There are 2 protein chains.
Amino acid sequence: MVKKTGRPGYLQIADELREQIRSGSIAPGEPLPSTAQLAETFGASLSVVKMSVGLLRNEGLVVGQQGKGVFVREDAPPADDVRAELTELRTAVADLTRRLEQLEASASQRTAKS
Amino acid sequence: MVKKTGRPGYLQIADELREQIRSGSIAPGEPLPSTAQLAETFGASLSVVKMSVGLLRNEGLVVGQQGKGVFVREDAPPADDVRAELTELRTAVADLTRRLEQLEASASQRTAKS
DNA sequence: CAAGCCAACTAGGTTAACTATGTTGGCAAC
DNA sequence: GTTGCCAACATAGTTAACCTAGTTGGCTTG
């Protein structure tokens, strides 16, 4: 489910799917749930789900087959793996930075008020 | 300009921008044209331009600054011992995440109390 | 002159609607 | 039984609209 953490929904969903793939919860060769199903289970609109899947597709984690579904890639290319992990870490760091800045802002507000 | 080659427009535009960055036509630290300008010069809609820029952003080639523009990243050089740095970053991110979650939890407690 | 407001720009996120295209299963017609 | 059609569902791409939010520059007001 998409949480209201300020992190965009399409990134949250992409993270979740990435995690399910990495953990083997969705095995290589297996299809992801359909976009409609994902939209329902995540409580999001079709658009954001499509954006999320598009991200994974761009990262090479999954391949889409028109009319059939989106399947987890069988081969785990190490070079690409590094690349995917890099983008993952990069977004994670960006997320942490943002959250920290929010905390710092509210903290300074509290200080100034008192 | 977007051609009718079957390759999606948002990929064509991303390719073009990537090329301009790689060639130095848009130097590091410099901003890309605004999305509105890009849409006009490429003869595309705002939506596809935003998708293209989103791709580059995801790749880490550029960073967006709300209200100002999208800027080419200053640092391009990839490190050699990528793997080691990756594990180091992974543990650092995990640590930061844990600490931040603790902070956020106590912060929300304070909010609820007041 | 200085402060503050405001309009015009910027990126970013979300949603909805439409089109194109491929796959699959069932059903009717022959 | 086989063929062919067709409805339902799938991904994929595009566009438009609306909203949030940050930045900047100019103008007005005190």
Side-chain angles (χ1 to χ4, degrees), chain A residues 1-17 26 29-73 90-91 94-95 97-99 101-102 104-106 109, chain B residues 1-17 21 26 29-73:
Chain A
M1 206 65 57
V2 173
K3 296 165 201 152
K4 42 178 178 174
T5 60
R7 184 160 174 80
Y10 72 97
L11 287 183
Q12 289 185 43
I13 297 178
D15 289 342
E16 174 68 21
L17 292 177
I26 306 179
E30 276 186 0
L32 267 56
S34 76
T35 53
Q37 279 179 309
L38 289 174
E40 193 186 355
T41 64
F42 281 106
S45 73
L46 277 179
S47 301
V48 301
V49 169
K50 281 163 77 172
M51 288 180 69
S52 305
V53 174
L55 273 185
L56 302 188
R57 197 149 44 94
N58 188 257
E59 292 172 8
L61 265 182
V62 300
V63 288
Q65 286 187 43
Q66 238 177 351
K68 299 189 71 175
V70 179
F71 299 84
V72 178
R73 281 257 305 249
R90 204 149 39 206
T91 59
D95 182 42
T97 302
R98 194 189 42 71
R99 284 158 68 189
E101 278 167 356
Q102 276 192 334
E104 286 172 341
S106 60
Q109 260 195 352
Chain B
M1 206 67 55
V2 173
K3 298 164 200 156
K4 42 178 180 176
T5 61
R7 183 161 177 80
Y10 71 97
L11 287 184
Q12 289 185 44
I13 296 179
D15 290 342
E16 175 66 23
L17 291 177
I21 291 173
I26 306 179
E30 277 187 1
L32 268 56
S34 77
T35 52
Q37 278 179 309
L38 289 175
E40 193 186 355
T41 63
F42 281 108
S45 73
L46 276 180
S47 301
V48 303
V49 169
K50 281 162 77 171
M51 288 179 69
S52 304
V53 174
L55 274 184
L56 301 187
R57 199 153 40 95
N58 188 258
E59 292 172 8
L61 266 182
V62 300
V63 288
Q65 286 187 43
Q66 241 178 350
K68 299 189 72 174
V70 178
F71 299 84
V72 178
R73 279 258 306 251

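A, B, ... follow the sequence lines: proteins, then strands. Residue 1 opens every chain. None of these values were measured; they are calculated from a predicted model.
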> Check every strand shown and say whether B:G9 touches a base, only sugar-phosphate, or nothing at a heavy-atom separation below 4.0 Å.
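Sugar-phosphate contact only - B:G9 comes under 4.0 Å of backbone atoms but never of a base.
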> Would you say B:F42 and B:E16 make side-chain contact, with heavy atoms under 4.5 Å?
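Counting from C-beta outward, B:F42 and B:E16 do come under 4.5 Å.
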> If you take all heavy atoms of A:I26 and A:P31, which pair is closest and at what distance?
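Nearest heavy atoms, A:I26 then A:P31: CG2-O, 4.0 Å.
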> Roughly, in whole Å, what's the span from CG in B:L32 to C1' in C:dA11?
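That distance rounds to 12 Å.
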> Would you say C:dG13 has OP1 or OP2 under 4.0 Å from some side-chain N or O of A:Y10?
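So the side chain of A:Y10 is within the cut-off, an N or O lying under 4.0 Å from OP1 or OP2 of C:dG13.
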> Tell me the closest heavy-atom pair linking A:R7 and A:Q12, and the distance in Å.
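For A:R7 and A:Q12, the tightest heavy-atom pair comes out as O-NE2, 2.7 Å.
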> Grab the CD1-C1' distance between A:I13 and C:dT14 for me, whole Å please.
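Those two atoms, CD1 and C1', are 11 Å apart.
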> Would you jot down, in residue-number order, the residues of residues 33-44 of chain B having a non-hydrogen atom under 4.0 Å from DNA chain D?
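Correct list: empty, so none.
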> Without decimals, in angstroms, what is the distance between B:R57 CZ and C:dA11 P?
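Result: 10 Å.
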> If we check side-chain contact (heavy atoms from CB on, under 4.5 Å) with A:L38, which of these qualifies: A:I13, A:V53, A:V70?
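Exactly one option meets the side-chain contact (heavy atoms from CB on, under 4.5 Å) with A:L38, and it is A:V53.
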> Would you mind telling me which residue lines up with the more 5' stretch of DNA chain C, A:Q65 or A:V48, judged by nearest nucleotide?
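Here A:V48 is the residue nearer the 5' end.
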> Can you tell me how far P of C:dT14 sits from CE of B:M51, to the nearest Å?
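So the CE-P distance, B:M51 to C:dT14, works out to 14 Å.
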> Just the rounded figure in Å: distance from P of C:dA20 to CD of A:Q66.
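Spelled out: CD on A:Q66 to P on C:dA20 is 13 Å.
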> Using a heavy-atom cut-off of 4.0 Å to chain A, what are the terminal contacting nucleotides of DNA chain D, in 5' to 3' order?
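Taking any atom under 4.0 Å from a heavy atom of chain A, the span is D:dA10 to D:dG13.
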> Atom CZ of B:F71 and atom CD of B:E30: how far apart are they, to the nearest 0.5 Å?
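Between B:F71 CZ and B:E30 CD, I get 10.0 Å after rounding to 0.5 Å.
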> Keeping the roles fixed (side chain from A:E40, backbone from A:Q37), state whether a donor-acceptor pair exists under 3.5 Å.
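No, because the side chain of A:E40 does not come within donor-acceptor range (under 3.5 Å) of the backbone of A:Q37.
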> Can you check the A:L46 CG to C:dA16 C1' distance for me, whole Å?
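These atoms are roughly 9 Å apart.
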> To the nearest 0.5 Å, how far apart are CD in A:E59 and CG in B:N58?
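Spacing of CD (A:E59) from CG (B:N58) equals 6.0 Å.
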> To the nearest Å, give me how far apart NZ (A:K50) and C1' (C:dT19) are.
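Atom-to-atom, A:K50 to C:dT19, this comes out as 10 Å.
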> May I ask you to decide if B:K50's main-chain N or O and B:T35's side chain share a donor-acceptor pair within less than 3.5 Å?
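Pair absent, no side-chain N/O of B:T35 close to backbone of B:K50.
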> For the helix from C:dC1-D:dG30 to C:dC30-D:dG1, how many degrees between its two end axes (five pairs per end), to the nearest 10°?
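Result, rounded to 10 degrees: 30°.
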> Can you tell me how far apart CG (A:L55) and CG (A:L17) are? Round to the nearest 0.5 Å.
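Spacing of CG (A:L55) from CG (A:L17) equals 10.0 Å.
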> For the residue pair A:M51 and A:L11, establish whether any side-chain heavy-atom pair is separated by less than 4.5 Å.
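No; the side chains remain at least 4.5 Å from each other.
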> Expressed in angstrom and rounded to an integer, what is the separation of B:N58 atom CG from C:dA11 atom C1'?
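For the pair B:N58 CG and C:dA11 C1', the rounded distance is 16 Å.
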> Assess whether side chain to side chain contact (heavy atoms under 4.5 Å, CB included) is satisfied between A:L61 and A:V72, documenting all intermediate values.
CA-CA 6 Å; A:L61 265 182; A:V72 178; over 6 Å; no
> Does C:dT15 have OP1 or OP2 sitting under 4.0 Å from an N or O in the side chain of A:S45?
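Yes, A:S45 has a side-chain N/O under 4.0 Å of OP1/OP2 on C:dT15.
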